[in-house]
Every structure is written in C-alpha cells, then in structure tokens.
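Note sheet for the following structure.
Atom set for the values below is all heavy atoms of this structure, side chains included, hydrogens, waters and symmetry mates excluded. Note that the structure is predicted; figures quoted are calculated from it, not measured. Numbering starts at 1 and runs along the sequence shown.
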Amino acid sequence: MIIMESTIYTIGHGNKSFDQFLTELRQYDIKYLIDVRSKPFSKWNPDFSKDNLAVLLARQDIRYVWMGDSIGGLPTGGSKDFTCYSYINGERHVDYSKIAQQEFFKQGLQRVIVANEKQLNVALMCSETRPEACHRSKLIGEELRKQGISIHHICDGKLYSQEFVMSIVTNGNPLTNLFGEDESFMSVKPH
C-alpha cells in the first residue's frame, strides 16, 4: 500500500523492536530514513542509536541520514539556545514558531523538499510514537504543508494525514493559533 501523491512520511520508533520498525518501513517502501532527533541515541534500545541504526538500515538497503542538527526539535548551541525558546509559567519550552524562522531550519527543510522533488521515498523519524506529540507534525509537517507537500504519518502500520494529526493537536478547532502563544506548538517537556 504506497501513497503515490507524497514521498514524505514520518515515523516514530517508540518502544518498537527493530523488526517491527522495519516492517512498517517496508510496508510503505521507504528507501531513505531521515533521523530528525536532536540527540540521535536511545538508552532503552541501542538498535535506534545513530551508528547502530545506520548499519542495520544499510543491511536492508535503506539509507540513513541524520538531520537533527538542522530540523531537530531541540535546538542547541550558540544563539539557538536563546532564540528558539519561550517561557510558560516560568519554564523554558522550545517554541516551534521561532525554530521555523531560523536559517538552519530553513536550510534543513529545503533538503527535505529537494528529496520530495526527486520523488525519493523518505520517512522522517523521531522517537515519539504518536505524531501529535512530536515536532515532526507540529513543526516539520506544518512547514512542509505550507509548501504544498502532503505528509503521511505512519503509526502502528496505519497512515494518518497531517491534517488529521493537526486536528488532534488543535482539538478539532481550525481557528487555533498554530504558533506563538499557543502551548500546543511548543515542546511538551520544559528544557
């Protein structure tokens, strides 16, 4: 079952085994896995740490690319530490609207757009299983949607559209402010 109108998928590894994860990638004929985790390591399942994952995927003819430094959900280093955060009740949270304006993010997003133009079968991967809890829908998916690119989120072997996932994030309210003061579009955990 391959969706032909889009080559951009997302997936979360969560607590899946590598075999379960691979089954979902194969189900949608994914050829390139772009890791969008800012910290590409898993202390719970070493198969999902950057170097191990790259080797395991290469054995399956799937190319691994880490892009967490440009389109990750937890920017760090230099001015990123000051420009990409907002405070809610005194706690610092990543503000996705601020990340979307940064040059490093725009350049990373452009790489994903080029992959889509080349019709590469790409999946963006993060650790969260549920796309509504992850920056891959709230930030990356929304920015790609603005570019007219359709996004499909793989979750438990099923596909969910970006629009459906965002309806969960906004509780079905299309008037919700997607960025700015709306806490739905900031990181869940304080940083």
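With hydrophobic clusters built from ILVMFWY side chains whose heavy atoms lie under 4.5 angstrom apart, M125 shares a cluster with L159. Cluster annotation: V36 and Y96 are assigned to the same hydrophobic cluster (Ile/Leu/Val/Met/Phe/Trp/Tyr, side-chain heavy-atom contacts under 4.5 Å, transitive). Linking Ile, Leu, Val, Met, Phe, Trp and Tyr whenever their side-chain heavy atoms come within less than 4.5 Å leaves V165 and L124 in two separate clusters.
Counting only distance, with no hydrogens or angles, the side chain of Q27 and the backbone of G157 share a donor-acceptor pair below 3.5 Å. No donor-acceptor pair closer than 3.5 Å links the side chain of R136 to the backbone N or O of H153. No donor-acceptor pair under 3.5 Å is formed between the side chain of D156 and the backbone N or O of K158. At least one donor-acceptor pair closer than 3.5 Å links the side chain of S17 to the backbone N or O of Q20. The backbone N or O of Y85 sits less than 3.5 Å from a side-chain atom of K98, completing a donor-acceptor pair.
Taking CG of L57 as the reference point, atom CZ of F21 lies at 6.5 Å (rounded to 0.5 Å). Taken from NZ in K31 to CG in D61, the straight-line distance is 7.0 Å, to the nearest 0.5 Å. Taken to the nearest 0.5 Å, the CD atom of E143 stands 11.5 Å off from the CD1 atom of I71. Rounded to the nearest 0.5 angstrom, E128 CD and T10 OG1 are separated by 10.5 Å. Expressed to the nearest 0.5 Å, how far CD1 of I8 lies from CD1 of I149 amounts to 6.0 Å.
Contact detail for T129 and H13: the closest heavy-atom pair is OG1-C, 4.4 Å. Here the closest non-hydrogen pair linking Q101 and K106 is O-CE, 3.6 Å. Nearest heavy-atom pair across W66 and S38 is CZ2-O, 3.5 Å. Residues I151 and L144 share a closest heavy-atom pair of CD1-CD1, 3.4 Å. Residue P131 comes nearest to C155 through the heavy atom pair CD-SG, 4.2 Å, listed as atom of the first residue, atom of the second, then distance. Residues C84 and P75 come closest through the heavy atom pair CB-CG, 3.6 Å.
Judged purely by distance below 3.5 Å, without hydrogens or angles, the side chains of H93 and S86 never pair a donor atom with an acceptor atom. Y64 and D35 share a side-chain donor-acceptor pair at under 3.5 Å.
In the displayed structure, E103 atom CD is contacted under 6.0 Å by more than 12 heavy atoms of other residues, nucleotides or ligands.
A 4.5 Å side-chain heavy-atom check between E142 and Q162 finds at least one atom pair inside the cut-off. S70 is not listed as a side-chain neighbour of Q107, based on a closest heavy-atom distance of 4.5 Å or more. Looking at Y160 and E132, their side chains never come closer than 4.5 Å, going by heavy atoms from C-beta outward. Two residues are said to be in side-chain contact when any heavy atoms from C-beta on lie closer than 4.5 Å; V122 and V65 fail this criterion. Side-chain contact between L22 and I62 is present, with at least one heavy-atom pair separated by less than 4.5 Å. A heavy-atom distance below 4.5 Å is not found between the side chains of Y9 and L25. No side-chain heavy atom of M166 sits under 4.5 Å from any side-chain heavy atom of R145. A heavy-atom distance below 4.5 Å is found between the side chains of L53 and F18.
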Would V112 and M67 satisfy side-chain contact (heavy atoms from CB on, under 4.5 Å), going step by step from the backbone distance to the final call?
CA-CA 10 Å; V112 176; M67 290 183 59; 4.3 Å; yes

Might you work through the side-chain contact (heavy atoms from CB on, under 4.5 Å) test for F105 and I140, ending with a clear yes or no?
CA-CA 9 Å; F105 178 81; I140 300 169; 4.2 Å; yes

Pair V55, D51 - check side-chain contact (heavy atoms from CB on, under 4.5 Å), show working.
CA-CA 6 Å; V55 169; D51 294 338; 5.9 Å; no

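Each of I11, N45, T23 was evaluated against K16; a single residue qualifies, I11, per the side chain to side chain contact (heavy atoms under 4.5 Å, CB included) test.
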